[in-house]
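Owing to the predicted nature of the structure, the values given are computational and were not obtained by experimental measurement. Lettering of chains follows the sequences in order, A, B, ..., and the numbering in each one begins at 1.
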Amino acid sequence: MRVEEIVEDVAARLLRLAVVKLPSDVKRAIERAYREEENPLGKAQLQAIIENIRLAEELERPICQDTGLITFYVRAGADFRGLDRVELSLKRAVKKATRQIPLRPNAVNPFTQQNSGNNVGRLLPYVKWDIVPGEHLEITAFPKGGGSENTCTLAMLSPSVGVEGLKRFVVESVLKAGGMPCPPTIIGVGIGGGADISMDLAKAALLRPLNKPNPDPWIADLEHQLYREINALGIGPMGLGGKFTTLAVKVSYAYRHPASYPVAVAFQCWAARRASARIHMDGSVEYLTHKVEEA
Amino acid sequence: MNRTLRLKTPLSEMEIRRLKVGDIVYLSGIIVTARDAAHKRMLDLVEAGKPLPINLRGFPIYHCGPLVRMEDGRWIVLAAGPTTSMRMEPLESVAIEKLGVRMVIGKGGMGKKTADAMARFGSVYGAFTGGAAILAARHVTRVVDVKWLDLGVPEALWVLEVKGFGPLIIAIDSHGNNLFGEVNERAWERYRFALQESGEA
Ligand code: SF4
């Protein structure tokens, strides 16, 4: 197979894996929440979620009918050949996956309100590039639902409010979101840079495995504080009450301008779908988030 | 504290009045899906004094645009998760008053207008787990009928026979209680209290 065929094939498989099967770290976090939830209503929600996850895998159907807006995160080895054709292959993969799985057509022209019918449209699927050393190509499919996207927030805080101020903004964003993003959620927080950079960081933070604490102990502590404060609110699964409003809080930061203090909060619903694979120059493929029998 | 009840449709006013927020309900019988466009058309008919193609008296409306497939001339429901109910807020009170809808099922809860109509006319809101689309489809035993397919598959009125459909958490009852509102208020109180404790506010 040629490189572009391999990329198309792998990306279409990743979309299927993502929408049908949650990564094991997310499943484990939901199961733990179920065991530890004390509110009977919250517990009933988590039980329904777990049952739904099991049925999706068994019947090979999308976990949620909103199969989201599709972003691909691509970590491109500088020596991987054929990078100029990757975006075209990703578009093809999305069309194919939309037809075959099927995915819900979710790409709409913002002016005419017309749905393209195949999840492809201007700048969609969205592709985020990262250049890294090496000869491989790492692709992450990240289809994200509308319910949790609609509660994302961004604030250009005054630097004087400090860390306490940024924590307040995050917690208040969760309060305002309530049950809308289908909690228990994963919350990505991006701090610093400019407005665009902080939201980029918040979104990318949602890709991090839930069970791995931040390598920076100071940030890991901030994540833990936010996690505790958010789950103390009692919003609970689906906003019906309980101690699991969030499964994990992930923080990323960049240095900021002296005069600005951007903070972005990205919400991800319990159906936290993502799947990654690495393609090597010899055509071999490693699946990183999911077990795949025949690749 | 939280009661679990199994109910059959059509629902009587007495059965509905007995429900309290926090009750967990599993439904069997007939439910009818309706989203934005179907609500609009229903209410246009009500205003014009014309009959609906289906009698909703005593039955639940489900805020859902199902994913369906035709197999051997029969409709099969593949996914049927709830959609955000708040979009139907301006119209639902009329459906409760004029059409006798006894239960509204969806996600995220509804506002004061709907809650008031529920208290006056005897209806409740049942929250179904957001995203649990396959679980919902699993409890659909048969597509009994479909009307208004001209609105498109998700917007049509799907008359579904269900068995043990749930868990539905009663989040608005017919006595003026609204669980989403209560949870939210308490969350803000806890937050303000925590701020005071840390000397922030
Ligand atoms: S927020 Fe997530 S789980 Fe909820 S309906 Fe949307 S995609 Fe599905």
Under 4.5 Å from any heavy atom of chain B, what part of A:Ala271 do you find: side chain, backbone, both or neither? neither

Note, B:Glu155 side chain near B:Trp148 side chain (heavy atom, < 4.5 Å): no

Please determine, among A:Leu46, A:Ile49, A:Leu55, the option with the most heavy-atom pairs under 4.5 Å with chain B. A:Leu55

With chain A, the option among B:Thr83, B:Leu78, B:Thr84 that has the most non-hydrogen atom pairs under 4.5 Å is B:Leu78

Region of B:Pro154 that comes under 4.5 Å of a non-hydrogen atom in chain A: neither

What part of A:Met180 is in contact with chain B, defined as an atom under 4.5 angstrom from a non-hydrogen atom: side chain, backbone, both or neither? backbone

Give, for atom CG of B:Leu99 and atom CE of B:Met42, the distance between the pair rounded to the nearest 0.5 Å. 6.5 Å

Before accepting this row, confirm whether a basic side-chain N of the pair A:Arg274/A:Asp25 lies closer than 4.0 Å to the acidic partner's carboxylate O. yes

Closest-packed option against chain A by number of heavy-atom pairs under 4.5 Å, given B:Arg138, B:Met86, B:Arg186: B:Arg138

Would you mind reporting whether A:Phe244 and A:Tyr34 have side-chain heavy atoms less than 4.5 Å apart? no

Test item: B:Val143 and B:Val159 side chains (from C-beta on) under 4.5 Å apart, heavy atoms: no

Counting heavy-atom pairs closer than 4.5 Å to chain B, which one of A:Cys182, A:Gly145, A:Gly179 comes out on top? A:Cys182

From the list A:Val26, A:Thr246, A:Ile50, A:Ile63, side chain to side chain contact (heavy atoms under 4.5 Å, CB included) partner of A:Trp270 resolves to A:Ile63

Measure A:Pro183 against the heavy atoms of chain B and call it side chain, backbone, both or neither at under 4.5 Å. neither

Given that the side chain runs from C-beta out, which part of A:Ile53 has a heavy atom under 4.5 Å from chain B: side chain, backbone, both or neither? neither

Nearest 0.5 Å, what's the CE-CD1 distance between B:Met118 and B:Ile16? 9.0 Å

When only pairs under 4.5 Å are counted, which of A:Glu172, A:Gln47, A:Arg104 shares the most heavy-atom pairs with chain B? A:Glu172

Under 4.5 Å heavy-atom distance to chain A, tell me which part of B:Leu67 shows up: side chain, backbone, both or neither. neither

Checking heavy atoms, do the side chain of B:Ala171, its backbone, both or neither come under 4.5 Å from chain A? side chain

Electrostatic pair B:Lys20:B:Asp173 at N-O distance under 4.0 angstrom: no

